[in-house]
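Keep in mind it's a predicted model, so treat the numbers as computed, not measured.
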Amino acid sequence: MLLVDGKIAEGAAATAYGWVQSIREQKTITFVILMENREPLQLVIKDKRLARKVKVHASIMVKGRVAMTERAPRGYEIHVEEISVLNKPRKIPPFDIMAKEEPSIDVRLDYRPVDLRRPSSMAVFKIRARALQLFREYLVNNGFIEVNTPKIIATASEGGSALFPVMYYDRQAFLAQSPQLYKEELTMAFERVFEIGPIFRAEQSRTMKHLSEATSLDVEAAFLSNEEIMDLIEGMVKHVIKGLNSEPQLFAALKAKPPALPERFPRFTYSEIIEKLKGLGEDIAFGDDLTQKSLEEFGNMAGGFYFITEWPAKLKPFYIMPKENGLTSSFDLMYMGLELASGGQRIHDPVMLRKSIKEHGLPVSSFKFHITPYYYGMPPHGGFGLGVDRFIMVLTDRKNIREVVLYPRDLRRLVP
RNA sequence: GCCCAGGUAGUAUAGAGGCCUAGUAUGCGGCGCUGUCACCGCCGUGACCCGGGUUCAAAUCCCGGCCUGGGCGCCA
């Protein structure tokens, strides 16, 4: 918090509240970087006795005079006349937030709020917040309404991934792995909906790109074809990246830039990719899922963003619209070897939906609640789910998904 | 779930049977220092994950435990 008498100008009286990021002490003058509202403010202290009161990480209030100077990060600094220490650290900090070498991600997470004072950590979450704002901006501008669907559910929404069981009063319930079914149902009334919220997966995964609790951006729209949905997500990704590119200062503390955008994201069919990988000597056949290794290999060739389209029905969930030859109107949005989003056109006919549930080996009875509204005029629709955390990894060039989540949850970590 | 790797001051690392009284950087404490900006210089402080074993000798080798990291698989 910064309070200035009148405008920020030479000699103006100022009061600043913040926490001390760094101290550079010299014989007669001490420079302090005070973090004030997430931005550095340089303090100049010429009184040795005053300077002694300041410690890194302390919360302080200073009173003084504004001095305009190009040598300070903001173009001005505060010449301090009075300091009150509001609170000071009681222990030696677990790591030096200004050091060039970072502690392991595990130590950082053990002291996450302290770690967030590190400029690069803070930058990641400023970018994340801005990216979410840009997502919303794009979707709202395109006629979407933001919704919230339940996270405590009665049965698996689509089979496949393992669910976390929870007790719901005297019954068994689960944490939602996806808002998939709800968002589809909502197109009936709202035409275009989106939700940004948590998803839960109880997979025994130990990787740099999986979490037990992740954030998903789910979008669903009536009347759009598979191609139009790909256009939509492509437009959305471009909007976010262009928006971030216009604010380079967000990236200053990271040695990274948002990824480059091609004119158009290339679209490869699943079959093309299988053929290509076969040509490279991969042991892979039509109908196989693409392994991590194959995706890395193909991703390196494709470079940047691209789509994989027309997946075999067997590799996609029951609600995806089938095409001829056992293929589907579906896509995955990839960045190199990393899956960012998957989506497609959905089945809107209740009879076909019922059949597809059966064919995927799922109990129709569990989906009765979901099939019911389809009998009352569900519009043709499609959409996608995008892994927000993974997208932020790409934006900030972080290799471990835990870095872009404030308090990540994985196989081992439940605290803090 | 399978496989691999690793636990050395607060943090990040070096050391691979005796050269270790365990080195370096940073932090922390002190002193010095042309408005600094990862300030700089000097001095000090502080560590071998736990339990067994092998050996004249173990941070180092072996066994077990605990903890962690990474890869694969699983996975909207």
Q: Using whole Å, report how far CD1 of A/Ile401 lies from C1' of B/rG70.
A: 16 Å
(Q) So if I define the base as every atom that isn't primed, P, OP1 or OP2, how would nucleotides 34-45 of chain B read as a B/S/- string at a heavy-atom cutoff under 4.0 Å? (A) SBBBBB------
**Q.** Any donor-acceptor N/O pair, A/Asn300 side chain to A/Glu297 backbone, under 3.5 Å
**A.** no
Q. On RNA chain B, nearest-nucleotide positions of A/Lys48 versus A/Arg402: which is more 5'?
A. A/Lys48
Q. If we call it a pair only when both distances are under 3.5 Å in a Watson-Crick or G-U wobble match, what pairs with B/rA5?
A. B/rU68
Q: Identify the nucleotide, in any strand shown, that forms a Watson-Crick or G-U wobble pair with B/rC75, with both distances under 3.5 Å; if there is none, say none.
A: none
Q. So which of A/Phe286, A/Phe268, A/Tyr270 actually passes ring pair (Phe, Tyr, Trp, His ring centres under 6.0 Å) with A/Trp311?
A. A/Tyr270
**Q.** Who pairs with B/rG18 - Watson-Crick or G-U, where each distance is under 3.5 Å
**A.** B/rC56
Q: Send over the distance from A/Leu163 CG to B/rA76 C1', rounded to a whole Å.
A: 12 Å
Q: Could you work out the separation of B/rU21 and B/rA59 based on their P atoms and round it to a whole Å?
A: 10 Å
Q | Nearest-Å distance once atom C1' is located in both B/rG6 and B/rA12 | A | 15 Å
(Q) Just the rounded figure in Å: distance from C1' of B/rC74 to CD of A/Glu339. (A) 13 Å
Q. Could one point to a donor on the side chain of A/Asp96 or the base of B/rA12 with an acceptor on the other under 3.5 Å away?
A. no
(Q) Quick check: any donor-acceptor pair below 3.5 Å linking the side-chain of A/Ser178 to the base of B/rA76? (A) yes
Q.
Between A/Asn400 and A/Arg201, which residue's closest nucleotide on RNA chain B lies nearer the 5′ terminus?
A. A/Asn400
Q) Counting just side-chain N and O atoms, does A/Thr207 come under 4.0 Å of either OP1 or OP2 of B/rG73? A) no
In residues 76-85 of chain A, what donor-acceptor pairs under 3.5 Å come from side-chain atoms, sequence neighbours left out?
| residue | atom | partner | partner atom | Å |
| --- | --- | --- | --- | --- |
| A/Tyr76 | OH | A/Arg74 | NH1 | 3.2 |
| A/Glu77 | OE1 | A/Gln42 | NE2 | 2.9 |
| A/Glu77 | OE2 | A/His79 | NE2 | 2.9 |

Q: Could you tell me if the ring centre of A/Phe265 sits under 6.0 Å from that of A/Phe305?
A: yes
Got a list of side-chain donor-acceptor pairs under 3.5 Å for residues 405-416 of chain A, not counting sequence neighbours?
| residue | atom | partner | partner atom | Å |
| --- | --- | --- | --- | --- |
| A/Arg409 | NH1 | A/Leu414 | O | 3.4 |
| A/Arg409 | NH1 | A/Pro416 | O | 2.9 |
| A/Arg409 | NH2 | A/Leu414 | O | 3.1 |
| A/Arg409 | NH2 | A/Pro416 | O | 3.4 |
| A/Asp410 | OD1 | A/Arg412 | N | 2.7 |
| A/Asp410 | OD1 | A/Arg413 | N | 2.6 |
| A/Asp410 | OD2 | A/Arg402 | NH1 | 2.3 |
| A/Arg413 | NH1 | A/Asp110 | OD1 | 3.1 |
| A/Arg413 | NH1 | A/Val415 | O | 2.9 |
| A/Arg413 | NH2 | A/Asp106 | O | 3.3 |
| A/Arg413 | NH2 | A/Asp106 | OD1 | 2.7 |
| A/Arg413 | NH2 | A/Asp110 | OD1 | 3.2 |

Q.
Pairing check on B/rC31: which nucleotide meets the Watson-Crick or G-U wobble criteria with it, both distances under 3.5 Å?
A. B/rG41
Q. Mind checking the C1' distance from B/rU60 to B/rA47? Whole angstroms is fine.
A. 16 Å
Q) Ring centroid separation for A/Phe331 and A/Phe307, is it under 6.0 angstrom? A) yes
**Q.** A/Arg108 side-chain N/O to B/rU11 phosphate OP1/OP2 under 4.0 Å
**A.** no
Q. Which whole-number value in Å describes the distance from A/Leu211 CG to B/rA76 C1'?
A. 15 Å
(Q) Let's test your reading of the model: under 3.5 Å, does the base of B/rG73 pair with the side chain of A/Arg206 as donor and acceptor? (A) no
(Q) Is the terminal nitrogen or CZ of A/Lys293 (NZ for Lys, CZ for Arg) located under 6.0 angstrom from the six-membered ring centre of A/Phe298 and within 45° of that ring's axis? (A) no
Q: Kindly say whether, by distance alone, the side chain of A/Ser205 makes a donor-acceptor pair under 3.5 Å with the base of B/rC74?
A: yes
Q. Taking atom C1' of B/rC75 as reference, at what distance in whole Å does atom CG of A/Leu338 sit?
A. 13 Å
Q: Classify the nucleic acid contact of A/Asp218 as base, sugar-phosphate or nothing, counting any heavy atom under 4.0 Å across all strands shown.
A: base
Q: Give a yes-or-no answer on whether the side chains of A/Tyr319 and A/Gln345 include a donor-acceptor pair shorter than 3.5 Å.
A: no
Q: Quickly work out the A/Glu403 CD to B/rG69 P distance and round it to whole Å.
A: 13 Å
Q. Rounded to whole angstroms, how far apart are CG on A/Asp115 and P on B/rG27?
A. 17 Å
Q | Nucleotide B/rG71, atom C1' - distance to NZ of A/Lys399 in whole Å | A | 16 Å
